There are 2 protein chains.
Amino acid sequence: MPAPSEVAQRAHRRLSDYLSRHGLKQTRQRDAILESFLDTDGHITSEELYERVRREHPEMGSATVYRTLKLFCEAGIANAHHFRDGVTLYEREGHHHEHLICTDCGAIVEFESELVEQEQDRVAKSRGFDLVGHRHILYGVCVRSDCPRRPEAP
Amino acid sequence: MPAPSEVAQRAHRRLSDYLSRHGLKQTRQRDAILESFLDTDGHITSEELYERVRREHPEMGSATVYRTLKLFCEAGIANAHHFRDGVTLYEREGHHHEHLICTDCGAIVEFESELVEQEQDRVAKSRGFDLVGHRHILYGVCVRSDCPRRPEAP
DNA sequence: AGAGGTATTGATTTTCATTCTCATTACGGA
DNA sequence: TCCGTAATGAGAATGAAAATCAATACCTCT
Ligand SMILES: [Mn+2]
Ligand SMILES: [Mn+2]
Ligand SMILES: [Zn+2]
Ligand SMILES: [Zn+2]
């Protein structure tokens, strides 16, 4: 049995806090979903997570997973992304980063740029905006040997 | 009658070129849709454009507008964006720019940053990617007097 | 101009992720 | 343990976009 990482414990705490602070209830489903979610690396769809949770909890409903993932975002445990249109990908909230995606094989690489962050602030301010967030996605073709490598604009 | 701007003429030429170069046909619908599209400023959905085209061409089908807008993107006449999830917004292909969006009133401001462009190249290269495109969206709250002004993370 | 081989169109259906409904159940404070 | 909500799960509803398909419009070649 894997030792419960501190980061996982923190997530559990955040959820509890958020729930009590909002008069919401702690349920077996929310626990189960959080468990599976924390056990996941990278980016995952609600449907994919639903399949995973389902293995341990066959009576789980997909609507509950959709609802809960949204809740996780509000609680600061998860983050939602829309890399391809039509699907929402979730990932664990952690250090801030942007994404670099291969348009051929779908590989996702994460990156950070303090320089860009500062520039964003400057731009927003110059336009009279209070910056509250941003999304920065780079599309390219990676060097993986198994990447189809057929450049195509996003 | 407004004089056909050079930029509009260029769009028509691009479409013709693309069509003939791909063995596709010039149709009254494509002309009509292009006409309305060029007559539009800013960002518009397929459905919205459909409504506009429809005023002059009541027999136009919405599926045709969807198909044609996609065609315009391939022909380099239009660009697609996904600011809010679930809808595709199109705008005329022109000078390259990014977007700054008010999370309250939906106002869209365009900006450019040579500094960010360069940084993107650097980042992609360092990760072994051939950069083929990017999307950079800033979310904030604008200073418009009629802006609800209720900050909320995207 | 006319014919024939495609590409295109419009109406309609389908898809598919996500949300909504609602009857039933589970929490959790008193 | 009781009670008032919040939560759940099954299924229906949404809505943008894509897919179907029979009817039509283009275009090229004679
Ligand atoms: Mn990530
Ligand atoms: Mn724009
Ligand atoms: Zn790749
Ligand atoms: Zn605003």
Side-chain angles (χ1 to χ4, degrees), chain A residues 12 15-36 43-75 78-90 154, chain B residues 12 15-36 43-75 78-90 154:
Chain A
H12 274 96
L15 180 58
S16 293
D17 286 357
Y18 184 86
L19 294 177
S20 61
R21 219 174 325 103
H22 291 259
L24 305 179
K25 294 172 180 175
Q26 190 113 26
T27 67
R28 47 178 105 265
Q29 288 87 339
R30 283 171 177 164
D31 281 339
I33 295 170
L34 178 55
E35 214 53 53
S36 279
H43 313 79
I44 190 174
T45 67
S46 184
E47 215 59 40
E48 286 165 354
L49 184 58
Y50 168 54
E51 289 306 328
R52 296 194 53 153
V53 178
R54 211 186 203 188
R55 295 206 280 265
E56 300 271 336
H57 306 266
E59 6 56 60
M60 177 72 64
S62 65
T64 300
V65 180
Y66 274 102
R67 285 185 286 235
T68 304
L69 240 14
K70 203 174 217 178
L71 175 74
F72 287 176
C73 287
E74 284 155 17
N79 260 58
H81 293 283
H82 309 94
F83 298 146
R84 6 164 187 150
D85 188 35
V87 225
T88 302
L89 286 177
Y90 293 90
Chain B
H12 275 95
L15 180 57
S16 293
D17 286 358
Y18 184 85
L19 293 178
S20 61
R21 221 176 320 105
H22 287 76
L24 304 179
K25 294 170 180 174
Q26 192 112 24
T27 67
R28 48 178 104 266
Q29 287 87 340
R30 283 171 178 164
D31 281 340
I33 294 170
L34 179 55
E35 213 53 55
S36 279
H43 313 79
I44 191 173
T45 67
S46 184
E47 215 60 39
E48 286 165 354
L49 183 58
Y50 169 53
E51 289 305 328
R52 296 194 52 152
V53 178
R54 212 186 202 187
R55 295 207 279 265
E56 300 271 334
H57 306 266
E59 7 56 60
M60 177 72 65
S62 65
T64 300
V65 179
Y66 273 102
R67 286 186 287 235
T68 304
L69 239 14
K70 202 175 217 179
L71 175 74
F72 287 176
C73 287
E74 285 154 17
N79 261 58
H81 293 282
H82 309 93
F83 298 145
R84 7 166 186 149
D85 188 35
V87 225
T88 302
L89 286 177
Y90 293 90

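The analysis underlying the following values was restricted to heavy atoms, covering all of them including side chains, and did not include hydrogens, waters or symmetry mates. Note that this is a predicted model, so its numbers are computed, not measured. Residue numbers begin at 1 in each chain, while the letters A, B, ... track the order of the sequences.
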Q: Below 6.0 angstrom between ring centroids: does that apply to B:Y90 and B:H81?
A: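 Judged by ring-centre distance (under 6.0 Å), B:Y90 and B:H81 do not meet the cut-off.
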Q: Does the side chain of A:Q29 get closer than 4.0 angstrom to OP1 or OP2 of D:dG9 through an N or O atom?
A: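 It does, given that an N or O in the side chain of A:Q29 lies less than 4.0 Å from OP1 or OP2 of D:dG9.
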Q: With nearest nucleotides of DNA chain D determined for B:S46 and A:G61 from heavy-atom distances, which residue corresponds to the more 5′ nucleotide?
A: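 Mapping each residue to its closest nucleotide by heavy atoms, the 5'-most match is A:G61.
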Q: Specify the separation, in whole Å, of atom CZ of B:R28 and atom C1' of C:dA7.
A: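 So the CZ-C1' distance, B:R28 to C:dA7, works out to 14 Å.
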Q: Measuring only between side-chain heavy atoms, which start at C-beta, is B:Q29 closer than 4.5 Å to B:V65?
A: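 No, their side chains stay 4.5 Å or more apart.
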Q: Does B:T27 have a side-chain nitrogen or oxygen under 4.0 Å from the phosphate oxygens OP1 or OP2 of C:dT9?
A: yes
Q: Judged by each residue's nearest nucleotide on DNA chain C, which is more toward the 5′ side, B:D85 or B:L19?
A: B:L19
Q: Output the rounded distance in Å from CZ (A:R84) to P (C:dA17).
A: 10 Å
Q: With a non-hydrogen cut-off below 4.0 angstrom, is B:T45 in contact with a base, only sugar-phosphate, or nothing?
A: nothing
Q: Do B:Q26 and B:D31 touch side chain to side chain, with heavy atoms closer than 4.5 Å?
A: yes
Q: Mind calculating the distance between NE2 (B:H57) and P (D:dT24) to the nearest angstrom?
A: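 From B:H57 NE2 to D:dT24 P: 20 Å.
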Q: Assuming nearest nucleotide by heavy-atom distance, tell me which of B:K25 and B:E59 is located more 5' along DNA chain C.
A: B:K25
Q: Can you tell me if A:Y66 touches the phosphate of C:dT19, counting only side-chain N or O atoms and a distance under 4.0 Å to OP1 or OP2?
A: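 So the side chain of A:Y66 is outside the cut-off, no N or O lying under 4.0 Å from OP1 or OP2 of C:dT19.
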Q: Mind checking B:R67 for me? I need base, sugar-phosphate or nothing, with any heavy atom below 4.0 Å counting as a touch.
A: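 B:R67: base contact, heavy atoms under 4.0 Å.
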Q: Just how far, in rounded Å, is P of C:dT9 from CZ of B:R30?
A: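 After rounding, the reported distance stands at 5 Å.
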Q: To the nearest Å, give me how far apart CD1 (A:I33) and C1' (D:dA7) are.
A: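 Spelled out: CD1 on A:I33 to C1' on D:dA7 is 11 Å.
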Q: Report the distance from atom CD of A:Q26 to atom C1' of D:dA6, rounded to the nearest whole Å.
A: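 My rounded result for the distance is 13 Å.
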Q: How would you label the contact of B:S62 with the nucleic acid (heavy atoms, under 4.0 Å): base, sugar-phosphate, or nothing?
A: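 No contact at all - B:S62 keeps every heavy atom at 4.0 Å or more from the nucleic acid.
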Q: List the residues meeting side-chain hydrogen bond (donor to acceptor under 3.5 Å, both in side chains) with A:R30, not counting sequence neighbours, and say none if there are none.
A: none
Q: Provide, to the nearest angstrom, the distance between the CG atom belonging to B:L24 and the P atom belonging to D:dC27.
A: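 Nearest whole value for this atom pair: 11 Å.
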Q: Would B:E35 and B:H12 count as a side-chain hydrogen bond (donor to acceptor under 3.5 Å, both in side chains) if you check the C-alpha gap in whole Å, the side-chain angles of each, and the deciding distance to 0.1 Å?
A: CA-CA 9 Å; B:E35 213 53 55; B:H12 275 95; 3.2 Å; yes
Q: May I have the distance from B:E47 (atom CD) to C:dG10 (atom P), rounded to whole angstrom?
A: 14 Å
